[in-house]
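Working notes for the structure below.
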Amino acid sequence: MKSYSQKFVLITFLLIFLSNFSNAQKQTNERAKWFTDSRFGMFIHWGVYSGAEGIWKGEKLRNDNNYAEWLLYRNRIDREEYVTLLERFDWDEINPEEWVILAKNAGMKYVTLTAKHHDGFALWDSKVGDYDLGNYTIPKRDIVKELAIACKKHGLKMGLYYSHWVDWEHKYGWDHTREIYGITADEYDQYWQEKVIPQMRELLTNYGDIGMIWFDMWIHYSNTVVTKKQLLQLKGLIRELQPNCLVNSRLGLSIEEDPDIDFKTLGDNQIGSKKEDFPWQSPATVAHSWGFYSQESKWKSTTTLLKSLINNASLNGNFMLNIGPRANGDVPYEIIQRMLEMGDWLNVNGEAIYGTQAFDLRKDQHDWGKITCKETAEDFKLYLHVYTWPLNKTLYLTGVLAAPKKVYLLADKQKAGLNFVYSNVVTEIKLPATQPDNYVSVIVVEYNDKPQINDNLVSKTVDGGFSLLPQNQNTTDDNLIINPKERLGTVPAHVEVDGNKTFSWKIYVNEPGEKNIDISYSFQNESKDSKLSLSVADKTISQVISQTGETVGEPGRNYVIDNYKSNRLGQINFKTKGFYDIKLTIEPGENDKVNFQWVWIK
Ligand code: GLC
């Protein structure tokens, strides 16, 4: 039997443990404030590999879908021969300040340079070993130092990428061929203690304030050769030498398990898909490779890149966009152009990105775009990022329970008020005939204080209808499985219903009247035993489910898919303005199965 005081100690420990655990999910570390305020940064992949431009002895990079900075490993190059690529570098032309100026003009607030990538080659004048720039340039060049000076001059934070886990140079560093040939824990620790730790010490001591160290171990340490002890040693060194320096989750520890990790790094080119309360970031490229690759052809558009930045900001995330300069320091024109266009957009619309947060409405609430918000001592602002200017020049904002005090275009310096009608939960904004921005136009909706919201409503789409989906319905059903789209969406997302099932939604109708109700499903049986019914307020309309047949998905390929067809269920008169609960019940007959896709009301 435990004594009272023992129990007390135990409970206190438990409480501390639990509160720490929940902190891990929620907290933004104070030192990461500048980072979350910034939202947009530059990644720089530049190193010995840049001299090859993705081609080695006439052969293209092996592995089609891979990265030019992986050349040494992919094309099985000897590390001594690899450095002969440095002969292609034009040191008179190389000026890191130009990269920093580009970042600044693009509206980015920080840059992160690959100080040491997987090839193990240090871009600074390192005293650790001899595989570093100081040893291969006369007069000695130190790109980290040059970048640090330029960042300071132009007011940007400097981050450093350091490949801690993988190192293809050190005889005991990790190289994936070790999965075949092995390495002992002691050998790996020798690499760690004689290269990683002292090099990190140099970086954290000789270059002033470092904004972040960006590690690159994209799997959890428990699946690697690295031990937790080694990771904590490394993190401890950073905390000791530069307590304000941020550390990303690719250190090998997740932000969920260690609240001392400052931000989570998503996968390469993985854009955010859900709102998080802790800081996070997507690293992204303008095309595909990180290091310069002469064969690159699929450049993303400025609109795509801007939407990625906006999407992330609307979910509390950052976006770090990469440049892969050539061996003479030049940045590909395709990248410069897009970044400058983003910078122009941010010049006008930056207020809707920097220092903003995710708003509480559910993700994908509106089909016209995304929302960010900002709370100040004076007021509360919503920024509506309109991707598609509505053809009827009316924008519906659904779910905010307050009348705005003012609505205007962010691009309009005079802040001329736009007309709006607020009723209950819908704010209907009258837009000018043409959108102010070719990419994304931003509308500011100002309130006195943070408004209350209703986040279980399906909002009106840009064309004035309501799209009721398995994803936006309100019935809580832990067993609900939404089958994702297949065959590039030819087979749409749907729910398989093989027993009675009810779905429910709530809408707010601000334009009363008779509306059509359509439903899309797929049904392959011949029976007439399956039924569906939809009820709104006091009216129910039902239908026997009929066979929808099949379609040829891809001509001549023997690939046939089930039809999902829109069926008119009937009309319902929504007599007055107000909230309506919609309930759909699907009752398949015995041995019948209905694949439900959507209900459309307009
Ligand atoms: C990957 C690659 C690497 C690139 C990085 C950027 O981890 O190994 O080449 O630097 O992602 O996010």
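Start at 1 and go down the list; that is how both ligands and their atoms are numbered. All values below were derived from every heavy atom in this structure, side-chain atoms included, with hydrogens, water molecules and symmetry-related copies excluded.
- Annotation: the span from L361 atom CG to I371 atom CD1 amounts to 5.0 Å, rounded to 0.5 Å.
- Between W70 and ligand 1, at least one N/O pair is under 3.5 Å apart.
- Counting only heavy atoms of the protein, atom 10 (O) of ligand 1 lies nearest to H45 NE2, 2.5 Å.
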Check your understanding: Could you walk me through whether E256 and K264 pass the salt bridge (charged side-chain N to carboxylate O under 4.0 Å, His left out) check?
Key -> CA-CA 9 Å; E256 285 87 357; K264 174 172 178 162; 3.7 Å; yes
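- The N/O atoms of W218, backbone and side chain alike, include none that comes under 3.5 Å of an N/O atom in ligand 1.
- In terms of polar-atom proximity, defined here as any N/O pair under 3.5 Å, E69 does make such a contact with ligand 1.
- Ligand 1 places these atoms under 4.0 Å from at least one heavy atom of Y67: 2 (C), 9 (O).
- A donor-acceptor contact closer than 3.5 angstrom links the side chains of N269 and K300.
- With values rounded to the nearest 0.5 angstrom, N311 atom CG is found 12.0 Å from T304 atom OG1.
- Looking only at heavy atoms of the protein, atom 5 (C) of ligand 1 is closest to D216 OD2, 3.4 Å.
- The residues D262 and R239 are annotated as salt-bridged, a charged nitrogen and a carboxylate oxygen being separated by less than 4.0 angstrom.
- Figure legend: K307 and Y387 shown as a cation-pi pair, the cationic atom lying under 6.0 angstrom from the six-membered ring centre and within 45 degrees of its axis.
- In summary, the side chains of E194 and H170 do present a donor paired with an acceptor at a separation below 3.5 Å, with no hydrogens or angles considered.
- Summary of contacts: the protein heavy atom closest to atom 12 (O) of ligand 1 is D268 OD1, 2.8 Å.
- Between W214 and ligand 1, no pair of N/O atoms sits closer than 3.5 Å.
- Listed by number with element, the atoms of ligand 1 under 4.0 angstrom from any heavy atom of Y161 are 10 (O).
- The ligand atoms of ligand 1 that sit less than 4.0 angstrom from a heavy atom of H118 are 2 (C), 3 (C), 8 (O).
- Against a heavy-atom cut-off of under 4.0 Å, H117 is close to the following atoms of ligand 1: 3 (C), 4 (C), 9 (O), 10 (O).
- The CG atom of N135 sits 9.5 Å away from the NZ atom of K127 when rounded to the nearest 0.5 Å.
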